[in-house]
Amino acid sequence: MPSFAPIAAFTEALRRRAAQALLPTNWGTGELQRLDADVRERSFFSARVARTDLLEEFADRVDRVLQPSAQVRADGSPFTQGLDLASARMELKDALQAAGYQPDPEDRGTLKDLSSNRRLDLILKTNVEQAQGYGQFAQAQTEEALDLFPCWELFRAEGRNVPRDWAARWTAAAAAVGDGDAAEVFASAGRMIARKDSPIWAQLSRFGTPYPPFDFNSGMWTRDVDRETAVALGVIGDLAVITPQFRPFDLQLAA
Amino acid sequence: MKVIQQDLATVPLAELVSRATPERAARVVAPAANRAFREHFFRLNQERPNRLGGKRTNFFGQAAKSTGATADGGNVVVNIAHVGIRQRVEGGIIRPTGGRKFLTIPAIAEAYGTRAREHPFLHAVFSPGGRVSGALVETEHTAVSFTQGRGRQKGTTVTKRGEDRGGKVWFWLVNSVKQPPDPTVLPSADTVRAAAVTALDTWFNLKAARAAAPAI
C-alpha cells in the first residue's frame, strides 16, 4: 500500500510560470501570434487585456490551481486544499466585478467578454495546461526517461463536439519538418508517434512549443511510448539515443 | 497528493534494483511509475463520465496532467498536484468550508461543473429535516440572450427570447457528504511494480546492448 505524504508541487510546471512576466497588451490573438514562441512562452498575457491588475488576478488563480497545498483539519486529519477550475472562474468573476470591469454590451457572453465563462475557462485552462504540458516535457528529458520512453504519441484525451482534423495537421507537420519516420508510422499504423527530439512537436503547435496543449481548447495530449513499441513500429532503431531538449528559458534559469 | 511507493520488495524487482545504485534505480523507475499513474488516470477519464451526463469536467484527465514523478534518493515520488484525488482514495466526510453552511450537489446535468453563485436565477428552499437540507431552485424567469448580429444583421444586437423557466431543482443543499474510500482511483501496487520491473529490465538490456555494439 503506498504511503501518502504532504503534497509537493509540480516543480517543473511551476518553473515555467516563474519564468513568465506579465505582458499587458492591446493586441489581439492574431497579432500576438506573430511574436516569437520564446517570447510568448515567457509572457503571461491574454488578448486585448491591457490592465496589469486583471492579469495579476488571472495569474494568481492559475498559480493556485497548479499548486494545491497540504492542510490539517481540526480533528488532525490531513487534506489537500486548492483551487479547481470552476472555483477559480467564480473567484475571477468576483475580482472582475470588484475591479469595475464591464464588457461592451455587444460583447457580453462572448469570448471578448473577460467575465464570460467561455473567456475565463479559456484563460485558465490554457495557462494551467501549458504549465502542466511543459512539466511533463521537462521531466521526460532525463537520460533514463529518454532511454525507456523515446517517443510520444499524440492522442485524444478529451472528447470534443467538433474535433479538429489532427490527422491532417500531423501529416502536414511531418512533411514540413521532414520527419519521414513519423509520417510513415502514421500512414502504416494510423498512430501519431514521433521521437521526443523531433521538431514535429513544435511544428504541430499553434503556440510553437513542443508540448501540449497544441491549440486552444484542445482535447489532445501526449503519452509516453516505450522503446520496444517505438522500435517495432520503426520510429527509431533499437539502440537510438534521443537528444534531451530544453526551452530557452530553461537555459536562462540555469545560468 | 504525494505517493511514495515503498512496498516493492518482490524478488525479481529486488534483484534488478541490486544491480544499480539505489539512486540510479530510482531514476530508472520514476518515469515508468509516472507513466503508470498517468495512463491509469487517462483510462479512468474515459471510463467514468459524470453521472448526470452533463458537460464533462474531465476530472481524471486533469489529474493525469497534474501528475509527475521524480527520484528522491533511492525513493520514487509520484506527485499528483490536483485537488480531490486524496479524498477519493481515502474517502471520508466532506463538509462546507469558507464560512458556508451547505454543500451544493448538482441535481441536473446543466449544473455540473458550475458553482451555484454563477446562476443568479436560483433561490433556496429548505426542508424541515432529513438528509437533504434544501435545494436551489430556478426562480420563474424567461431565458433571454443577446448576441452580435451576423450577415445582414451585422452591427446590431440580436435579442432572442428563450423558454419560460422555473421550479427546476439545480442543486441539492446538504450539510455534509460521506464518500466511501476508492482505492481503484490509483493504479494497483502490482501495476506499478510491473512497470518498475519492465523499466529496469529494459534499461539494463539497453545498456548491455550499447556496450556490446561495435564502435562506429
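As a basis for the values below, the full set of heavy atoms in this structure was taken, side chains included, without hydrogen atoms, waters or symmetry mates. Keep in mind that what you see is a predicted model, and the values were worked out from it rather than measured. The sequence lines fix the lettering, A, B, ..., with proteins before strands; numbering per chain opens at 1.
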Portion of A:Ala138 that has a non-hydrogen atom of chain B nearer than 4.5 angstrom: neither
Atom group of B:Glu118 that falls short of 4.5 Å from chain A, counting heavy atoms: both
From CA spacing to verdict: side-chain contact (heavy atoms from CB on, under 4.5 Å), A:Gln81, B:Thr97: CA-CA 11 Å; A:Gln81 185 172 67; B:Thr97 59; 5.9 Å; no
Proximity breakdown for A:Gln139 and chain B, heavy-atom pairs closer than 4.5 Å: side chain
Min side-chain heavy-atom separation A:Arg89-B:Thr114 under 4.5 Å: yes
When A:Glu106, A:Lys93, A:Met90 are compared by non-hydrogen pairs under 4.5 Å with chain B, the top option: A:Met90
Spatial distance of atom CG (B:Asn34) from atom CG (A:Asp224) [nearest 0.5 Å]: 7.5 Å
Side chain, backbone, both or neither of A:Val128 within contact of chain B (heavy atoms, under 4.5 Å): neither
Under 4.5 Å from any heavy atom of chain B - which part of A:Arg227: side chain
Under 4.5 Å from any heavy atom of chain A - which part of B:Ala30: neither
Where A:Ala86 and B:Gly113 come nearest, the two heavy atoms and their spacing: CB-O, 3.6 Å
Portion of B:Thr57 that has a non-hydrogen atom of chain A nearer than 4.5 angstrom: neither
Verdict with reasoning, B:Arg210 to A:Asp147, per salt bridge (Lys or Arg N to Asp or Glu O under 4.0 Å): CA-CA 11 Å; B:Arg210 283 178 177 158; A:Asp147 275 344; 2.9 Å; yes
Closest-packed option against chain B by number of heavy-atom pairs under 4.5 Å, given A:Glu228, A:Gln67, A:Glu129: A:Glu129
Nearest atoms (heavy-atom pairs only) where B:Lys65 meets A:Phe10: O-CE1, 3.6 Å
A:Leu66, part contacting chain B, at a heavy-atom distance under 4.5 Å: backbone
Check: A:Gln132 and B:Gln62 side chains under 4.5 Å, non-hydrogen atoms: no
For chain B, the option from A:Leu85, A:Leu83, A:Asp94 that forms the most heavy-atom pairs under 4.5 Å: A:Asp94
side-chain contact (heavy atoms from CB on, under 4.5 Å) assessment of B:Leu206 paired with A:Leu239: CA-CA 7 Å; B:Leu206 179 62; A:Leu239 301 183; 4.0 Å; yes
B:Arg115/A:Glu91 ion pair, N-O < 4.0 Å: no
Heavy-atom contact with chain B under 4.5 Å, split by part of A:Asp238: backbone
Contact class of A:Ser87 relative to chain B, heavy atoms under 4.5 angstrom: both
Closest contact, heavy atoms only, B:Asn45 versus A:Ala157: ND2-O, 3.4 Å
Heavy atoms from other residues, nucleotides or ligands near CH2 of B:Trp170 exceed 12 (cutoff 6.0 Å): yes
A:Glu143 and B:Lys207: CA distance, side-chain angles, deciding distance, salt bridge (Lys or Arg N to Asp or Glu O under 4.0 Å) verdict: CA-CA 12 Å; A:Glu143 175 194 338; B:Lys207 290 299 174 192; 2.8 Å; yes
Heavy-atom neighbours of B:Gln179 CD exceed 12 at 6.0 Å: yes
A:Glu12 versus chain B, the contacting section by heavy-atom distance below 4.5 Å: side chain
Heavy-atom contact with chain B under 4.5 Å, split by part of A:Asp84: side chain
Euclidean distance, B:Phe42 CZ relative to A:Phe155 CZ, rounded to 0.5 Å: 4.0 Å
Interchain contact, B:Arg38 with chain A, by part (heavy-atom threshold 4.5 Å): side chain
Chain B contact via A:Ala13 - side chain, backbone, both or neither, heavy atoms under 4.5 Å: neither
Residue A:Leu148 versus chain B: region with a heavy atom under 4.5 Å: side chain
